[in-house]
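Just the heavy atoms: all of them, side chains too, but no hydrogens, waters or symmetry mates, feed the values below. Just so it is clear: chains get the letters A, B, ... in the order the sequence lines come, proteins before strands, and each one is counted from 1. Just so we're clear, the structure is a prediction, and the values are computed from it rather than from any experiment.
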Number of protein chains: 2
Amino acid sequence: MKKYKIKDDNDLKECEKLSISTDILIFSVSDEIQSNYRKLNKKHFSVLLAKRDTYPFEGKWCLPGGFVKPGEDIEDAARRILVDKTNIHDIYLEQLYTYGEVNRDPRMRVVSTSYMALIDKNRLNDKISNNLSWFNIAVTEDEKTINVTLDNNNEEIKFKIAKTLKEKTTDRYKYKILENDKLAFDHPLIIVSGISRLKNKLEYTDIVFNMMPKYFTLSELQQVYEVILGKKLLDPAFRRIIANKVEKTNEMRTGGGHRPSILYKYKTTN
Amino acid sequence: MKKYKIKDDNDLKECEKLSISTDILIFSVSDEIQSNYRKLNKKHFSVLLAKRDTYPFEGKWCLPGGFVKPGEDIEDAARRILVDKTNIHDIYLEQLYTYGEVNRDPRMRVVSTSYMALIDKNRLNDKISNNLSWFNIAVTEDEKTINVTLDNNNEEIKFKIAKTLKEKTTDRYKYKILENDKLAFDHPLIIVSGISRLKNKLEYTDIVFNMMPKYFTLSELQQVYEVILGKKLLDPAFRRIIANKVEKTNEMRTGGGHRPSILYKYKTTN
DNA sequence: TTATGTTATAATCATAGTGTTAATAAGAGA
DNA sequence: TCTCTTATTAACACTATGATTATAACATAA
């Protein structure tokens with residue numbers, strides 16, 4: 001048996017060309033005032049991207065990430081990068097998927113583990129560095145392709161992914177990049193599968209509350225679901241589903257020109 | 001910005017000590033005749049383990065796995081190992097999680113990506129090599145710990161895992177090995193989190209059918225669910241849930257000393 | 001041949017959950 | 001005071017689920 005045994009010298013010789021990196025999908029939902037005439041603030045689902053200023057893919061956008069240092073755990077590296085970008089320590093962070101294709105980086109073999117971070121954008125207060133930018137996410141999908149448009153109110157990034165259902169042999173979907181001009185590496189794949197994971201997890205976990213402020217109205221919470229899932233939900237149905245996850249407070253949010261809404265908070269003791 | 005840029009020579013010097021490996025959780029469910037008196041064949045949920053015969057952890061059991069070769073995709077490596085162990089090509093294979101702790105292997109830094117493979121054990125026909133063995137899985141769990149017993153009718157492997165709920169900061173559970181004598185590396189963690197993923201996926205995917213023969217009775221299918229989830233299900237409820245996933249055939253299974261059961265097959269065109 | 005054991009399968013009913021529509025509540029501003 | 005707007009709840013039909021019970025059909029033994 002040759003398990004866990006380096007088979008020949010070639011293995012060791014080639015080793016020096018290998019690195020581990022991590023790429024982080026930092027997702028958030030934010031209000032954006034659409035018009036001053038009537039304060040119509042619409043929520044957006046968004047992801048944080050960085051503009052590359054070095055080889056390779058110089059000038060293209062990419063996910064915040066970096067190499068895992070020698071002696072550093074992968075998750076520690078992800079958190080280091082996350083703190084570096086946001087200056088916030090207690091951010092929800094979850095490992096998603098590891099990308100091990102041989103030629104995904106032109107410099108050398110780089111195996112990258114992607115993480116998903118969820119944050120309430122209000123906590124940032126524009127503390128992000130100047131090469132970083134939030135892009136609003138718009139996804140349209142049919143049986144075979146996924147079209148994604150990312151928009152930071154200044155630049156638009158569009159890409160297209162082919163989706164094939166690989167039955168019995170691998171994960172539910174196998175993605176392949178069809179069109180992509182502005183994103184570096186295989187990051188379109190990482191973004192698409194990350195969005196898909198988040199959507200799924202919304203339904204069977206309490207993951208949303210990591211993107212919410214401590215106090216929120218049920219309408220706000222519903223809008224967060226709607227903007228991530230990309231579809232409208234019916235009020236009473238939604239309220240019943242999350243009823244036992246939240247707790248009423250005595251506070252109200254007034255000033256909207258309509259009936260005030262009760263502020264709720266996440267009920268942790270469940 | 002230092003993203004994707006090797007920071008100093010130290011990075012490269014240390015690189016040569018890094019390797020990528022993959023460990024595969026090969027799960028199956030099998031009949032085992034418990035008694036000859038009355039043909040009471042009970043199903044078991046089981047995982048395939050290999051006995052190590054080299055340093056490190058010589059003599060201990062581990063998951064089938066191995067190093068990813070230079071120039072080989074991680075998933076290709078997983079499939080290569082899977083085919084090597086089973087001689088079957090079209091086995092369901094799904095990436096689970098990447099273990100990146102610095103000292104998980106005493107030889108050098110080894111980052112391991114775990115995969116889950118699901119197989120109908122009948123397809124193997126005892127084709128497995130002699131250092132491999134199927135272990136039946138028994139899990140008991142309370143709020144804080146998970147106890148696992150693996151049994152191959154010859155040897156018993158027991159281990160205990162602490163389960164902490166790390167709120168807001170990482171995946172739902174953080175596992176830590178409390179007791180473990182007979183398993184190599186951090187494989188108790190890989191096994192426990194793999195079982196947990198399989199249990200979850202049973203509920204919201206059609207993943208089970210990868211462990212089933214082409215034709216099966218509803219009782220057999222139900223037993224597979226029961227033995228993996230570790231609890232009894234009610235017949236009518238179960239039948240309603242899987243009703244639209246399966247398709248009746250004209251065949252029956254007779255010979256059980258009772259009413260014969262209709263054979264079903266998985267309805268792929270959904 | 002008939003009775004009995006055993007499991008397969010369906011019928012039944014109560015209860016819980018969900019989708020949908022519509023009604024009511026209450027602040028802001030005219 | 002009236003109107004606009006959104007928040008919140010009520011009400012109803014419908015669907016899904018949990019649980020119990022009834023019936024079907026084969027194998028085996030009397």
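Distance A/Ile241 CD1 to D/dT8 C1': 17 Å, rounded to the nearest Å. Going from atom CD of B/Gln222 over to atom P of C/dT7 covers 13 Å, rounded to whole Å. As rounded to whole Å, 8 Å separates atom P of D/dT20 from atom CG of B/Leu234. Atoms CZ (A/Arg253) and C1' (C/dA25) sit 19 Å apart, rounded to a whole Å. In this entry the distance linking CZ of A/Phe216 with P of D/dT8 reads 12 Å, nearest Å. Protein atom CG of B/Asn244 is 15 Å distant from nucleotide atom P of D/dT15, rounded to whole Å.
Few gaps surround NZ on B/Lys199; more than 12 heavy atoms of other groups in view lie less than 6.0 Å from it.
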For nucleotides 8-11 of chain C, print each protein N/O atom paired with a nucleotide N/O atom at under 3.5 Å, atom names and distance only.
unit_1: C/dA8; atom_1: OP1; unit_2: B/Ser219; atom_2: OG; d: 2.8
unit_1: C/dA8; atom_1: OP2; unit_2: B/Ser219; atom_2: OG; d: 3.3
unit_1: C/dA8; atom_1: N3; unit_2: B/Arg259; atom_2: NH1; d: 3.2
unit_1: C/dT9; atom_1: OP1; unit_2: B/Ile262; atom_2: N; d: 2.4
unit_1: C/dT9; atom_1: OP2; unit_2: B/Arg239; atom_2: NH2; d: 2.9

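Ion pairing between a basic and an acidic side chain is recognised when a charged N comes within 4.0 Å of a carboxylate O; B/Asp151 and B/Lys158 show no such pairing. Ion pairing between a basic and an acidic side chain is recognised when a charged N comes within 4.0 Å of a carboxylate O; B/Lys163 and B/Glu143 show no such pairing.
B/Asn250 is linked by a side chain to side chain contact (heavy atoms under 4.5 Å, CB included) to nothing, counting only residues two or more places apart in sequence or in another chain.
Counting only N and O atoms by type, the side chains of B/Asp23 and B/Ser114 include no donor and acceptor under 3.5 Å apart.
The line from CD1 of B/Ile137 to CD1 of B/Ile191 is 7.5 Å long, rounded to the nearest 0.5 Å.
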